[in-house]
Number of protein chains: 2
Amino acid sequence: MLSQAEENYLKEIYALGEETEELLSTNSIAKKMRTKASSATDMLQKLAGKGLVDYTKYKGTRLSKEGEAKAMAIVRKHRLWETFLVAKLGFSWDEVHDIAEQLEHIQSKTLTNRLDAFLEYPSHDPHGHPIPNTNGKIVASEGIILADLKINEKGVLVGVKNATDSLLKYLNKINITIGDTIKVLDIEPFDDSVTIDNNAQQITISGNVAKNLYIKYR
Amino acid sequence: MLSQAEENYLKEIYALGEETEELLSTNSIAKKMRTKASSATDMLQKLAGKGLVDYTKYKGTRLSKEGEAKAMAIVRKHRLWETFLVAKLGFSWDEVHDIAEQLEHIQSKTLTNRLDAFLEYPSHDPHGHPIPNTNGKIVASEGIILADLKINEKGVLVGVKNATDSLLKYLNKINITIGDTIKVLDIEPFDDSVTIDNNAQQITISGNVAKNLYIKYR
DNA sequence: TCTTTTTTTTAGATAAGCCTAAAAATATTT
DNA sequence: AAATATTTTTAGGCTTATCTAAAAAAAAGA
Ligand SMILES: [Mn+2]
Ligand SMILES: [Mn+2]
Ligand SMILES: [Mn+2]
Ligand SMILES: [Mn+2]
C-alpha cells in the first residue's frame with residue numbers, strides 16, 4: 001500500500017506528464033510538490049525502487065505503466081469526490097479541490113465504484129476534467145480550447161484546463177460557468193484577448209484565460 | 001492540527017472512558033490501539049503536552065475538556081460517514097467501519113455539516129449509536145439493553161453496543177436488524193440466554209448477545 | 001575549450017510514530 | 001515485610017518524509 005505522500009507524487013507526476021512528452025526534471029516535480037529538489041530526489045528513488053517510475057539519475061523521470069495505473073486510480077477518486085461535493089453537497093467548483101485532495105486517499109475500491117454509481121457514472125468532474133473509468137482509462141475528451149475558435153464561432157464551455165482557485169474565482173466573478181454557450185465576437189491580434197458573448201453579456205477575456213477554457217462545438 | 005494517530009488515540013480514549021469512571025490504564029489504551037504500552041506512553045505524554053488528556057505518570061489518563069471536544073468531533077464524523085455509506089451507497093452495517101475509520105479524519109467542518117444536512121440530520125448511525133451534534137453534544141439516547149427486559153415484554157431494536165464485525169455478521173445470520181420488534185419469550189436463569197420472537201421467528205440468543213442489543217420500549 | 005552557473009544528488013539532521021529491551025514503580029503473594 | 005509479579009516508563013533504534021549544506025554532474029557562456 002502506498003503512503004499519501006507517494007500517492008500525491010504519482011498524481012502530480014501524471015499531471016506534469018500530460019503537458020509534455022519529455023522526461024520530467026527533478027526540479028519541475030519538486031516545484032509541483034512545493035518541496036525541495038533533494039526531497040523530490042529521495043521520493044523519486046523510492047518510487048523507482050517500487051517500479052512506479054522510470055528514473056535515471058541526472059536524466060529525468062516518467063511514470064511506469066504500473067505507476068500510471070496507480071495515478072489514474074487516484075485521479076479517478078479525486079474527480080469523483082469533487083463531483084460528489086458539487087452535485088450532492090452543494091459546494092461550488094472553487095471550494096472542492098482541497099477536500100478532494102484528502103478524500104482521494106481513501107482506500108476502498110468498493111467505495112469508489114459505489115460512489116461512481118451513486119453519481120450515475122459522471123464523465124467529467126465539476127471543472128470539466130474527464131473521470132477515468134474503473135480500468136483507469138479516460139474515454140471522454142476534453143475538447144478544444146476557446147483560444148482556437150475563430151470570430152463568430154460558438155460552442156459550449158465544457159471545462160477549464162488549470163482549475164486554479166484564482167481562475168475559478170475570476171470566472172465566477174464574470175459570470176462564466178460550465179454549460180454556458182459562448183460566442184466569439186472579436187479577437188485582438190495585439191494581445192490575443194478575446195471578446196465573447198455569454199448570456200447576452202459582452203466580456204473581454206485575456207488570451208491566457210481563453211487558453212484555459214475547453215469548448216465543445218455545436 | 002492533529003495527526004491521524006493523535007485523532008485515533010483521542011477517539012479510543014473517549015470510547016474507553018464511556019465504560020468507566022476510573023482513570024484509564026496505559027495498558028488498556030495500548031490494547032485498544034493494538035500497540036505496545038511504550039508506544040501508548042509516548043503518545044499520552046504528547047497528548048498531555050497539548051492539553052488534550054490529563055495524564056499522571058503511573059496513575060492513569062483521562063480526556064481533558066478540550067480533548068473530549070476533539071474526540072466528539074471525530075466520533076461525529078465517523079458516525080455520519082457510516083450513515084452515508086449505508087443510507088446512500090448501499091453498504092451493509094458490517095462493511096462500513098474500516099472505511100469510516102479513514103473518512104473520520106477528513107478535515108473540513110463545512111463538509112461535515114453539509115453531509116449532516118444531506119443525510120437529513122440523522123440521530124443515530126447504522127449501529128444505533130447516537131451522532132453528536134455540531135457542538136459535540138449527544139442528544140439522543142441509546143436506550144436500555146435487551147438483557148434487562150422481562151418475559152413477555154417487547155420493544156424495538158435501536159442499536160448494538162459493541163458493533164464488532166463478528167456480532168454484526170451473527171445478527172445478519174439470524175435475521176435480526178435495527179428496527180425489528182423483539183418480544184422476550186423466555187429467559188434461562190442458568191446461563192441468562194434469552195428466547196425471543198422476531199418476525200414470527202423464535203430464536204435463542206446468549207446472555208452476552210442480549211447485553212449488546214439496545215431496545216426501545218413501546 | 002575552459003569557466004561559470006544551474007541542476008541534481010548525496011550527506012547528515014530532525015520529527016513523528018512505532019518497536020524492543022531494560023529500568024523503575026506499583027501491586028500481589030507469601 | 002520481603003519477595004515476586006505486573007505495569008509503566010525510559011532508553012535507544014528504525015522508517016518515512018522532510019530539511020539544509022555540500023558535492024557532483026550537466027548546461028550555458030565566454
Ligand atoms: Mn492528496
Ligand atoms: Mn477537478
Ligand atoms: Mn481512524
Ligand atoms: Mn458505528
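None of these values were measured; they are calculated from a predicted model. Each chain gets a letter, A, B and so on, in the order the sequences are listed, and its residues count up from 1.
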Write down the distance between [atom1] ([X]) and [atom2] ([N]), rounded to a whole number of angstrom.
| X | N | atom1 | atom2 | answer |
| --- | --- | --- | --- | --- |
| Glu22(B) | dA27(C) | CD | P | 13 Å |
| Leu47(B) | dC18(C) | CG | P | 11 Å |
| Glu6(A) | dT18(D) | CD | C1' | 14 Å |
| Met43(A) | dT9(C) | CE | P | 15 Å |
| Asp42(B) | dG12(D) | CG | C1' | 12 Å |

With respect to the phosphate group of dT8(D), does any side-chain polar atom (N or O) of Gln45(B) fall under 4.0 Å of OP1 or OP2? no
Within less than 4.0 Å of OP1 or OP2 of dA16(C), is there a side-chain N or O belonging to Ser3(B)?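 Looking at the OP1 and OP2 atoms of dA16(C), neither is under 4.0 Å from any side-chain N or O of Ser3(B).
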Any protein N or O atoms within reach of nucleotides 6-8 of chain C? Criterion: under 3.5 Å, listing atom names and distances.
from: dT8(C); atom 1: OP2; to: Asn27(A); atom 2: N; distance (Å): 2.9
from: dT8(C); atom 1: OP2; to: Asn27(A); atom 2: ND2; distance (Å): 3.2

Kindly state each residue pair satisfying salt bridge (Lys or Arg N to Asp or Glu O under 4.0 Å) with at least one member in residues 55-73 of chain A, sequence neighbours excluded. none
Could I get the full list of salt bridge (Lys or Arg N to Asp or Glu O under 4.0 Å) partners for [X], not counting sequence neighbours?
| X | value |
| --- | --- |
| Lys169(B) | Asp165(B) |
| Asp94(A) | none |
| Lys161(A) | none |
| Lys11(A) | Glu101(A), Glu104(A) |

Considering only dC18(C), dA11(C), dT20(C), which nucleotide approaches the side chain of Ser38(A) most closely?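 So the side chain of Ser38(A) is nearest to dA11(C).
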Just compare dT18(D), dT20(C), dC18(C) and give me whichever is closest to any side-chain atom of Lys36(B).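 The nucleotide sitting nearest to the side chain is dT20(C).
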Could you tell me whether Lys88(B) sits above the aromatic face of Phe118(B), with NZ or CZ closer than 6.0 angstrom to the six-membered ring centre and within 45 degrees of the axis? yes
